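Report on the structure given below.
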Amino acid sequence: MIIPAPELNFTASPFYNPSLKNVVILATGGTIAGSGEAHKTLNYEPGALPVQDLLDSVPHLERLANCAGVQVSNLCSADITSEHWLTLAAYINTLALREDVHGFVITHGTDTLDETSYFLNLVIKTDKPVIITGSMRPATAISADGPLNLYQSVALAANPDASGQGVMVVFAEGIYSGRDVQKVNTFKANAFDERDFGCLGYMRDSHAFFYTRTLKRHTTASQFDVSAMTGLPEVSVAYFHVDADPGILDYLATISKGIVIAGAGGGIYSKPWIDKVGELKNNNIPVVRCSRISSGITLKDSYIDLSANSIPCNSLVPQKARILLSLALTQTTGYDEIAAMFNEY
């Protein structure tokens, strides 16, 4: 996908400081750019404010880095599509080649932030820091959390310690991996976590403190290349529950190249679903088995996977398993190859 990189001129800013790192701010909208009734946290318009307004709202940002803003989109994150993902990846991969670009911050709505972070973690080709952030309160709310999140994200993007760690999310003073981060609350300011994996570290003011790092393949070690793509293979998610009709899988097979099932417990589903999944294998529709529970691990099961020819997701939640399966399908439909990817990524 050939997309011209935006023009950037860090030295045009009256606050330009040649001793500081240069950070690109890629704005996509969301609550962090939201506007509504003064002081209220509900009933606001996401993606109402332009990127420069976001930068202007953060005191002393110019002391951390030279920032240049790019308005990629200005949407509620529920309206983010794979086309936006491909655009973001193209911008980052192109701009990262510039010697005068040292890091990136993406501002994003929180509802699909975990999906965007994992997609970019798999496809961007740079070791330069890429940080995603957002907010749970609109910019017009009392105690808006966006300015601090953006301030600390810029600080991390300018920090050499963040290099080579893949895409990371900064939120409420926590540093999270793009692979494992999840939104875990619908309204609290500390709405993100990694569940079983904790976090990579903490931000305190502008200082980063790292304690762990991901061992999964990402960014420059990833085998996925989307530079020539204009779209991604469609993958759907089916949610299993008591009395769930396996016929939904027949329908999804008509619109999808692959299916992820959010199963009960450790990723199980009923005998009728097992039988239906076996039929999908014969139609060359790979099925990945996940859990609707947001923590734990789903491993190979001799009964379900062998009889139904499904692929366990390891520790990915369904919406992220969907992303990995979609990228895997750009290279293969082989079950063994796809299963290996779910262990590596």
Side-chain angles (χ1 to χ4, degrees), residues 77-78 80 82 111-119 122 179-186 193-197 216 232-329 332-345:
S77 67
I80 292 290
S82 56
D111 289 341
T112 61
L113 184 151
D114 61 339
E115 296 177 66
T116 297
S117 65
Y118 187 48
F119 175 79
L122 294 173
R179 180 191 187 274
D180 299 313
V181 68
Q182 297 179 50
K183 187 172 183 178
V184 297
N185 193 277
T186 60
D193 200 356
E194 288 189 32
R195 295 295 192 182
D196 294 342
F197 306 113
K216 296 296 186 179
L232 297 171
E234 181 60 40
V235 172
S236 298
V237 178
Y239 194 97
F240 176 78
H241 53 85
V242 170
D243 289 335
D245 185 346
I248 188 65
L249 300 176
D250 287 324
Y251 166 70
L252 294 178
T254 67
I255 62 171
S256 311
K257 300 296 184 182
I259 296 174
V260 171
I261 296 178
I268 68 167
Y269 30 84
S270 64
K271 182 64 165 59
W273 276 55
I274 291 174
D275 294 340
K276 184 63 67 176
V277 170
E279 295 175 17
L280 295 176
K281 171 65 182 299
N282 296 331
N283 294 327
N284 206 32
I285 304 291
V287 172
V288 169
R289 184 171 58 85
C290 285
S291 173
R292 64 192 192 185
I293 298 172
S294 59
S295 62
I297 188 168
T298 300
L299 298 175
K300 186 173 183 179
D301 184 285
S302 59
Y303 171 63
I304 296 180
D305 295 320
L306 293 181
S307 60
N309 296 299
S310 56
I311 301 164
C313 72
N314 202 290
S315 61
L316 292 175
V317 291
Q319 66 269 28
K320 292 191 176 186
R322 174 189 171 272
I323 293 168
L324 182 53
L325 180 56
S326 181
L327 289 171
L329 289 170
T332 182
T333 57
Y335 268 52
D336 290 342
E337 293 89 345
I338 294 174
M341 293 176 191
F342 273 85
N343 287 327
E344 293 172 358
Y345 294 96

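Here the structure is a predicted model, which means the values were calculated and not measured.
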Could you state the interatomic distance from [atom1] ([X]) to [atom2] ([Y]), rounded to the nearest 0.5 Å?
{"X": "Arg322", "Y": "Tyr118", "atom1": "CZ", "atom2": "OH", "answer": "13.0 Å"}
{"X": "Asp301", "Y": "Ser310", "atom1": "CG", "atom2": "OG", "answer": "8.0 Å"}
{"X": "Lys281", "Y": "Ile311", "atom1": "NZ", "atom2": "CD1", "answer": "8.0 Å"}
{"X": "Leu122", "Y": "Leu327", "atom1": "CG", "atom2": "CG", "answer": "6.0 Å"}

Show me, pair by pair, the donor-acceptor contacts under 3.5 angstrom made by side chains of residues 234-242, not counting sequence neighbours?
unit_1	atom_1	unit_2	atom_2	d
Ser236	OG	Ser256	OG	2.6

Just to verify, what does Phe119 make a ring pair (Phe, Tyr, Trp, His ring centres under 6.0 Å) with, not counting sequence neighbours?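 Here the qualifying residues are Trp85.
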
Residue list, side-chain contact (heavy atoms from CB on, under 4.5 Å) with [X], at least two apart or on another chain:
{"X": "Pro233", "result": "Lys257, Ser326, Leu329, Thr330"}
{"X": "Leu280", "result": "Leu249, Ala253, Ile259, Ile285, Val287"}
{"X": "Thr298", "result": "Arg289, Ser291, Pro312, Cys313"}
{"X": "Thr112", "result": "Ser77, Ile80, His108, Glu115"}

Test side chain to side chain contact (heavy atoms under 4.5 Å, CB included) on Arg179 and Leu316; report intermediate values, then the result. CA-CA 8 Å; Arg179 180 191 187 274; Leu316 292 175; 3.8 Å; yes

Nearest heavy-atom pair of Gln319 and Asp114: which atoms, and what distance?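 Heavy-atom minimum between the residues: NE2-OD2, 2.9 Å.
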
Closest non-hydrogen atom pair, Ala321 against Cys290: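 Heavy atoms only, the tightest pair is CB-SG, 3.4 Å.
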
List the residues meeting side chain to side chain donor-acceptor pair (under 3.5 Å) with [X], not counting sequence neighbours, and say none if there are none.
{"X": "Ser295", "value": "none"}
{"X": "Arg195", "value": "Ser294"}
{"X": "Asp193", "value": "none"}
{"X": "Asp250", "value": "Lys276"}

Atom pairs and distances, side-chain donor-acceptor, residues 336-345, under 3.5 Å, sequence neighbours left out:
unit_1	atom_1	unit_2	atom_2	d
Asn343	OD1	Asn314	ND2	3.3
Glu344	OE1	Arg217	NH1	2.9
Tyr345	OH	Arg217	NE	3.4
Tyr345	OH	Arg217	NH2	3.1
Tyr345	OH	Gln223	N	3.0
Tyr345	OH	Gln223	OE1	3.0

Taking the side chain as every heavy atom from C-beta outward, state whether Trp273 and Ile268 have any atom pair closer than 4.5 Å.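 The answer is no; the side chains never approach within 4.5 Å.
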
Please name all residues satisfying salt bridge (Lys or Arg N to Asp or Glu O under 4.0 Å) with Lys183, sequence neighbours left out, ordered by chain then number.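 Lys183 satisfies salt bridge (Lys or Arg N to Asp or Glu O under 4.0 Å) with Asp111 once adjacent residues are dropped.
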
